[in-house]
Amino acid sequence: MAVETTICIGFTGDVMIGRGVDEALNENGVLYAWGNTLPFLKKTDINIINLENTLTNSNHQALKTFNFKATPDKVNTLTAANITIANLANNHILDYHEEGLLETIATLDKAGIKHAGAGRNAEEAARPVVIQSKGLTIGLLGFTDNEPSWKAGPDRCGVNYIDIDDEGDRKNATIAISQLNQEVDIVIVSIHWGPNMNTEPSATFVDFAHQMADAGAAIIHGHSAHNFQGVEVYQEKLILYDTGDFVDDYRVDPFFRNDHSFFYRVMVDKYGPTSLELIPVLITQYQVNLAQKEARQWSIQNMKALAEKWGTAISDNGVLTIRNDR
C-alpha cells in the first residue's frame with residue numbers, strides 16, 4: 001500500500017506586529033517577536049496567520065479607537081518565520097484607509113506571502129489562495145464579520161465581509177467553499193468572527209462552522225476574540241473556533257488571560273486533517289515564547305475543558321487524534 005503524503009500546517013491566532021511590537025523590532029531586530037517559537041515556525045510546511053495590522057507608511061488613520069500598522073520593512077519578520085499565507089479579512093486591514101490596504105498587499109506580494117480576505121474589489125477580496133505543498137493542493141478562503149462598512153464592492157477595495165446572521169451570506173460562503181473543494185485537496189477557511197473576550201462561540205457560530213464543514217471545509221481557522229476557544233472534531237473536520245493571539249502589545253485581561261494561546265500544528269493528508277498538536281505559548285514584552293510550567297498547564301487544561309463540550313478528547317500533552325490511518 002502506498003504511503004499517503006502528509007504535510008504539517010501551522011496556525012496562529014492574531015499576529016499584530018505594529019505599534020509597540022514594531023518599536024521592539026526596531027530595537028531588537030526582525031526576529032525578536034517570535035522568541036523561542038521560531039524553530040517551530042520553521043519546521044512546518046505551511047504557516048497561516050491572521051495579520052492584525054497593516055504594513056504601511058501611511059499616516060491617514062481611519063476614525064476608530066485602535067489603528068495598527070508596522071512599517072513595510074517588517075514584512076521581513078513574517079518571512080523569517082516561514083509565514084506562507086496571511087488572512088487579511090479583519091477589522092484592522094483598513095486602519096489606514098485604501099492606501100494602507102494597497103501598500104500591505106503590495107508588500108506581501110513582493111515578499112512572496114500569499115493573502116486572502118481583502119483586495120482592490122469584491123472579486124479580489126473573495127478570491128481564494130491556492131498553493132501546492134508536497135503534491136497536495138491547499139485552498140484557503142478568508143472571511144470576516146467585523147466592520148460591515150469595509151465590505152469590498154465591485155469598484156471599491158475592502159474585505160470579504162459576511163453577516164453570519166444572514167442566510168444569504170451564509171449560503172454564498174458555503175457555495176464558495178463547495179466550489180473550491182472541487183478544485184483542491186484541502187479547503188481551509190480563515191475567519192475573523194465574533195466579539196472580543198468570549199470564551200465560547202455562540203450557537204449560531206457553531207451551526208455555521210458545521211455548515212462550512214459540510215460544504216467541504218476541512219479546517220476552520222477562527223480568530224477575533226483575543227483569547228482561545230475550544231476545538232471540535234466534526235465529521236473528521238477540524239474546527240478551531242478561536243485561536244486567540246500569538247504576538248501583540250495588548251493589555252492582558254486577568255480573567256481571559258489573552259496572553260496565553262497556542263501554536264496549532266495540524267498534520268494533513270489528501271483526505272483531511274489527521275492530528276492536531278497544541279503547543280502552548282505566552283506573550284510577554286512584545287514577544288511570543290513557549291509557555292512553561294503553570295502557564296503551559298493552565299492553557300492545556302483550559303483547552304481540554306473547552307473541547308470536551310464537543311466530545312473532543314485532547315491528551316495531557318496537547319495532542320488530538322482526528323482520524324486514524326485509512
Side-chain angles (χ1 to χ4, degrees), residues 11-28 31-37 49-56 59 61-71 74 77-78 81 86-96 100 144-147 150 191-202 221-230 240-264 278-303 306:
F11 293 89
T12 79
D14 292 352
V15 169
M16 202 293 286
I17 56 172
R19 210 166 56 178
V21 183
D22 189 34
E23 294 175 5
L25 294 171
N26 287 335
E27 295 174 5
N28 301 289
L31 300 181
Y32 175 79
W34 309 121
N36 63 8
T37 68
I49 67 169
N50 176 59
L51 182 61
E52 188 82 340
N53 62 269
T54 55
L55 296 166
T56 184
N59 292 315
Q61 291 188 359
L63 293 175
K64 56 200 297 279
T65 304
F66 298 111
N67 301 77
F68 298 147
K69 72 169 183 175
T71 51
K74 300 310 187 302
T77 296
L78 304 181
N87 173 70
L88 303 183
N90 58 53
N91 58 314
H92 287 287
I93 196 60
L94 280 160
D95 278 1
Y96 289 83
T144 183
D145 73 340
N146 289 205
E147 300 289 352
W150 289 3
I191 183 165
H192 202 68
W193 58 351
N196 293 349
M197 304 301 179
N198 268 14
T199 56
E200 297 182 14
S202 69
H221 171 222
H223 32 83
S224 182
H226 296 303
N227 54 270
F228 65 80
Q229 296 177 354
L240 310 173
Y241 280 104
D242 202 294
T243 46
D245 294 339
F246 195 69
V247 64
D248 57 45
D249 67 351
Y250 304 156
R251 180 183 66 85
V252 177
D253 185 287
F255 176 78
F256 292 100
R257 301 178 78 169
N258 49 299
D259 54 342
H260 292 60
S261 190
F262 302 94
F263 181 47
Y264 299 75
L278 297 164
I279 301 173
V281 296
L282 184 68
I283 306 167
T284 53
Q285 300 296 313
Y286 316 129
Q287 183 181 70
V288 58
N289 284 286
L290 301 177
Q292 304 293 333
K293 298 179 180 178
E294 290 182 8
R296 183 182 191 281
Q297 184 178 13
W298 183 90
S299 292
I300 288 182
Q301 292 305 314
N302 273 269
M303 179 59 88
L306 290 167

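The structure displayed is predicted, hence computed values, not measured ones. Note that these values count all heavy atoms, side chains included, but never hydrogens, waters or copies made by symmetry.
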> With a cut-off of 6.0 Å (strictly less than), are more than 12 heavy atoms of other residues, nucleotides or ligands near CD of Q61?
Replying inline: yes
> Please walk me through it: do N227 and D253 pass side chain to side chain contact (heavy atoms under 4.5 Å, CB included)?
Replying inline: CA-CA 10 Å; N227 54 270; D253 185 287; over 6 Å; no
For the student: nearest non-hydrogen atoms of [X] and [Y], plus distance:
X: H192; Y: N87; result: CB-ND2, 4.5 Å
X: L51; Y: A86; result: CB-CB, 4.1 Å
X: L290; Y: N36; result: N-OD1, 2.8 Å
X: A33; Y: V21; result: CB-CG1, 4.2 Å
X: D249; Y: G18; result: OD2-O, 4.3 Å
X: P280; Y: R296; result: CG-CG, 3.6 Å

> Does K74 pair with D22 as a salt bridge, N-O distance under 4.0 Å?
Replying inline: yes
Under 3.5 Å, side chain of [X] to main-chain N/O of [Y], donor-acceptor pair present?
X: H221; Y: I49; value: no
X: S224; Y: G194; value: yes
X: W150; Y: N90; value: no
X: T54; Y: I93; value: no
X: K64; Y: N91; value: yes
X: N53; Y: I17; value: yes
X: D259; Y: T284; value: no
X: N258; Y: A225; value: no

> Hey, which of D14, I283, V288 is the one that makes side chain to side chain contact (heavy atoms under 4.5 Å, CB included) with D248?
Replying inline: I283
> Does the side chain to side chain contact (heavy atoms under 4.5 Å, CB included) test come out yes or no for N50 and F246, once each step is laid out?
Replying inline: CA-CA 9 Å; N50 176 59; F246 195 69; over 6 Å; no
Side-chain touch [X]/[Y], heavy atoms, less than 4.5 angstrom:
X: L278; Y: M303; answer: yes
X: Y32; Y: Q285; answer: yes
X: F263; Y: T12; answer: yes
X: T77; Y: W34; answer: yes
X: E27; Y: Y286; answer: no
X: N302; Y: F228; answer: yes
X: D95; Y: K69; answer: no
X: H260; Y: L282; answer: yes

Pairwise distance [atom1]([X]) to [atom2]([Y]) - rounded to 0.5 angstrom:
X: N67; Y: Y96; atom1: CG; atom2: OH; answer: 5.0 Å
X: I191; Y: L240; atom1: CD1; atom2: CG; answer: 12.5 Å
X: M16; Y: Y250; atom1: CE; atom2: OH; answer: 4.5 Å

> Do the ring planes of Y241 and W193 sit parallel (below 30°), tilted (30 to 60°) or perpendicular (above 60°)?
Replying inline: parallel
> Should the pair F68 and F66 be assigned to parallel (<30°), tilted (30 to 60°) or perpendicular (>60°) ring geometry?
Replying inline: parallel
>> Can you confirm whether the side chains of D245 and H226 place a donor and an acceptor under 3.5 Å from each other?
In response: yes
